[in-house]
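Notes follow once the structure below has been shown.
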Amino acid sequence: MQINGATTLVTGANRGLGQVYARELVSRGAAKVYGAARNPAAVTEPGVTPVALDITDPGRVAQVAGECADVSLLVNNAGVLKYSTFTGAPDLAAARAEMEVNYFGTLSMCRAFAPVVAANGGGAIVNMLSVTSFYTNPLDASYGASKAAAWSLTNGIRVELAHNGTLVIGVHAGFIDTDMAALTDAPKVSPESVAQQVFDAVEAGQIEVLADERTRTVKASLSRDQELIYPPVQEFWDSIVQGTH
Ligand SMILES: NC(=O)c1ccc[n+]([C@@H]2O[C@H](COP(=O)([O-])OP(=O)(O)OC[C@H]3O[C@@H](n4cnc5c(N)ncnc54)[C@H](OP(=O)(O)O)[C@@H]3O)[C@@H](O)[C@H]2O)c1
């Protein structure tokens, strides 16, 4: 699909990658860019129309799908990361919060907007996933589980919505230079690079974006994950546990 002239909606558009997605859509000539955020007053990007939306509120998600019935490109960007291990976390709160936003929130948006984008010509749904959809790192274990669930969701709705002519794109990335990755000094890709790759994919009809070299390497290693992916993860985690990292 062409972004020029399209009506679009980005969740979590008030900061980080979502703000950059919204900016890139404006610069590519989108006719309208709805910027959804829990606090719509924080959506300050020029040319972006603020919309109040917490994606974990199914009633509000349904209302927004009614109010923004002209959308043909939905970008499910909103997400949370609690840096929580499976067995070391004090309780299930972080795991539940990540699943609630990253999986159930995204699912709720896909369900509400599938008929909207179909009615507007087929359009596209972009789901912001992660390299951690592909493997588990203890540092962000429960986040990875939620992104793996969202990857499964993305593959499933692609099949379910193909007859509507809806393009469903999964976007996987390692660290991106936003607040979410502020705690680490590991190499990061810029949000601008991710946004450009994603909207090039929308325009090219491409179903997957692997946004950086590490993500491409991990995806290519999946059939041999226990040999190629997990031994260095184990080594890294052992060094954390032993305090030698
Ligand atoms: N940064 C990375 O290294 C990285 C790597 C791979 C994938 N990702 C994914 O990329 C996406 C964007 O992340 P980011 O890096 O821009 O993170 P960020 O700077 O922490 O921004 C997260 C955005 O999600 C919004 N959000 C959180 N919960 C929400 C909810 N219940 N309803 C609506 N909006 C909600 C936040 O809104 P508030 O301002 O109200 O909190 C904020 O706008 C996420 O899906 C993330 O998992 C990030």
Side-chain angles (χ1 to χ4, degrees), residues 9-24 34-45 48 50-61 63-64 68 74-84 94 96-110 112-113 125-135 137 139-151 153-154 169-195 197-198 208-216 218-219:
L9 186 147
V10 181
T11 62
N14 53 307
R15 62 190 174 98
L17 180 59
Q19 181 172 9
V20 174
Y21 275 144
R23 184 181 306 149
E24 182 67 17
Y34 293 111
R38 292 190 282 195
N39 174 12
V43 177
T44 53
E45 192 59 34
V48 176
V51 174
L53 176 64
D54 181 330
I55 64 166
T56 65
D57 177 349
R60 182 61 192 145
V61 167
Q63 261 178 0
V64 168
C68 305
L74 168 67
V75 182
N76 284 314
N77 163 77
V80 289
L81 164 59
K82 301 289 188 185
Y83 288 104
S84 183
R96 284 194 198 283
E98 288 162 337
M99 204 54 95
E100 201 57 51
V101 177
N102 301 342
Y103 174 64
F104 286 111
T106 302
L107 172 58
S108 188
M109 288 296 291
C110 290
F113 276 89
I125 297 176
V126 173
N127 286 349
M128 191 59 213
L129 307 171
S130 169
V131 69
T132 66
S133 315
F134 299 142
Y135 81 102
N137 183 333
L139 277 185
D140 53 17
S142 53
Y143 170 82
S146 71
K147 289 294 186 179
W151 180 34
L153 156 68
T154 304
I169 302 177
V171 183
H172 302 264
F175 289 117
I176 305 168
D177 196 3
T178 67
D179 293 347
M180 187 175 279
L183 285 178
T184 177
D185 54 9
K188 300 172 196 177
V189 66
S190 73
E192 288 77 14
S193 163
V194 176
Q197 292 179 67
V198 167
E208 184 171 73
V209 174
L210 304 173
D212 52 63
E213 193 49 45
R214 178 162 165 264
T215 302
R216 289 188 283 275
V218 168
K219 179 84 196 282

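Just follow the structure's listing: the first ligand is 1, and inside any ligand the first atom is 1.
- Within the 4.0 Å heavy-atom shell around ligand 1 one finds Asp54.
- Residue Ala36 places every heavy atom at 4.0 Å or more from ligand 1.
- Among protein heavy atoms, atom 20 (O) of ligand 1 sits closest to Arg15 NH1, 3.4 Å.
- Protein heavy atom closest to atom 8 (N) of ligand 1, with residue, atom name and distance, is Tyr143 OH, 3.6 Å.
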**OP:** Give the C-alpha distance, both sets of side-chain angles, the deciding distance and a yes or no for side-chain hydrogen bond (donor to acceptor under 3.5 Å, both in side chains) between Asn76 and Thr11.
**Re:** CA-CA 6 Å; Asn76 284 314; Thr11 62; 4.5 Å; no

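- Within ligand 1, counting atoms from 1 as listed, the ones closer than 4.0 Å to a heavy atom of Val80 are 27 (C), 28 (N).
- Residue contact annotation: Lys147 has a non-hydrogen atom under 4.0 Å from ligand 1.
- Every heavy atom of Thr11 sits 4.0 Å or more from the atoms of ligand 1.
- Between the Asp212 side chain and the Thr215 main chain, a donor and an acceptor come within less than 3.5 Å of each other.
- Looking only at side-chain heavy atoms (C-beta outward), Lys82 and Tyr143 stay at 4.5 Å or farther from each other.
- Of all the atoms in ligand 1, the ones that sit under 4.0 Å from a non-hydrogen atom of Asp179 are 19 (O).
- Counting only heavy atoms of the protein, atom 32 (N) of ligand 1 lies nearest to Ile55 N, 3.0 Å.
- If you look at Asn77 next to ligand 1, the close heavy atoms, those under 4.0 Å, come from the backbone and the side chain alike.
- For the pair Lys188 (side chain) and Gly174 (backbone), a donor-acceptor distance under 3.5 Å is absent.
- Close contacts between ligand 1 and Gly79 involve ligand atoms 22 (C), 24 (O), 27 (C), 44 (C), 45 (O) [criterion: under 4.0 Å to a heavy atom].
- Side-chain N or O atoms of Thr154 include one that pairs as donor or acceptor with a backbone N or O of Ala150 at under 3.5 Å.
- Distances shorter than 4.0 angstrom do not occur between any heavy atom of Gly105 and any atom of ligand 1.
- When only interatomic distances are considered, the shortest N/O to N/O separation between Gly18 and ligand 1 does not fall below 3.5 Å.
- Rounded to the nearest 0.5 angstrom, Leu183 CG and Asp140 CG are separated by 11.0 Å.
- For the atom pair CG (Leu210) and CZ (Phe134), the distance works out to 5.5 Å, reported to the nearest 0.5 Å.
- Looking at atom 16 (O) of ligand 1, its nearest protein heavy atom turns out to be Leu17 N, 2.8 Å.
- Separating the CG atom in Asp179 from the CZ atom in Arg15 is a distance of 5.0 Å, to the nearest 0.5 Å.
- The pair Arg60-Asp54 fails the salt-bridge criterion, with no side-chain N (NZ, NE, NH1 or NH2) lying under 4.0 Å from an Asp/Glu carboxylate O.
- A distance of 11.0 Å separates OG1 in Thr56 from CG in Asn102, rounded to the nearest 0.5 Å.
- The closest non-hydrogen atom to atom 5 (C) of ligand 1, taken over Gly174, Ala42, Ala181, Ala186, comes from Gly174.
- Looking at Ser142 and Glu98, their side chains do bring a donor and an acceptor atom within 3.5 Å of each other.
- Within the listing of ligand 1, atoms 25 (C), 43 (O) sit less than 4.0 angstrom from a heavy atom of Gly12.
- Taking atom 4 (C) of ligand 1 as the reference point, the nearest protein heavy-atom neighbour is Ile176 CD1, 3.7 Å.
- The protein non-hydrogen atom at the shortest distance from atom 34 (N) of ligand 1 is Ala78 CB, 3.4 Å.
- Interface atoms of ligand 1 facing Thr56, defined by a heavy-atom separation under 4.0 Å, are 31 (N).
- For Leu129, the heavy-atom gap to ligand 1 drops under 4.0 angstrom.
- Between Arg216 and His172, every side-chain heavy-atom pair lies at or beyond the 4.5 Å cut-off.
- Here the CG-OG distance, from Asn137 to Ser130, works out to 10.0 Å after rounding to the nearest 0.5 Å.
- Taken from CE in Met128 to CD1 in Ile169, the straight-line distance is 12.0 Å, to the nearest 0.5 Å.
- Remark: ligand 1 atoms within the under-4.0 Å shell around heavy atoms of Gly16 are 16 (O), 19 (O).
- Near Met180, meaning under 4.0 Å from any of its heavy atoms, are these atoms of ligand 1: 1 (N), 13 (O), 15 (O), 17 (O), 19 (O), 20 (O), 46 (C), 47 (O), 48 (C).
- The option from Arg38, Met128, Met109, Lys188 that lies nearest to atom 9 (C) of ligand 1, judged by heavy atoms, is Met128.
- Those atoms of ligand 1 that come under 4.0 Å of a heavy atom in Phe175, given as number and element, are 3 (O).
- For atom 43 (O) of ligand 1, the nearest non-hydrogen atom of the protein is Asn14 OD1, 2.7 Å.
- Side-chain contact between Pro191 and Asp177 is present, with heavy atoms from C-beta onward closer than 4.5 Å.
- At a heavy-atom distance under 4.0 Å, only backbone atoms of Leu53 (N, CA, C or O) approach ligand 1.
- Nearest protein heavy-atom neighbour of atom 15 (O) of ligand 1: Thr178 OG1, 2.5 Å.
- Side chain of Ser193 to main chain of Val189: no donor-acceptor pair is present (N/O by atom type, distance under 3.5 Å, no hydrogens or angles).
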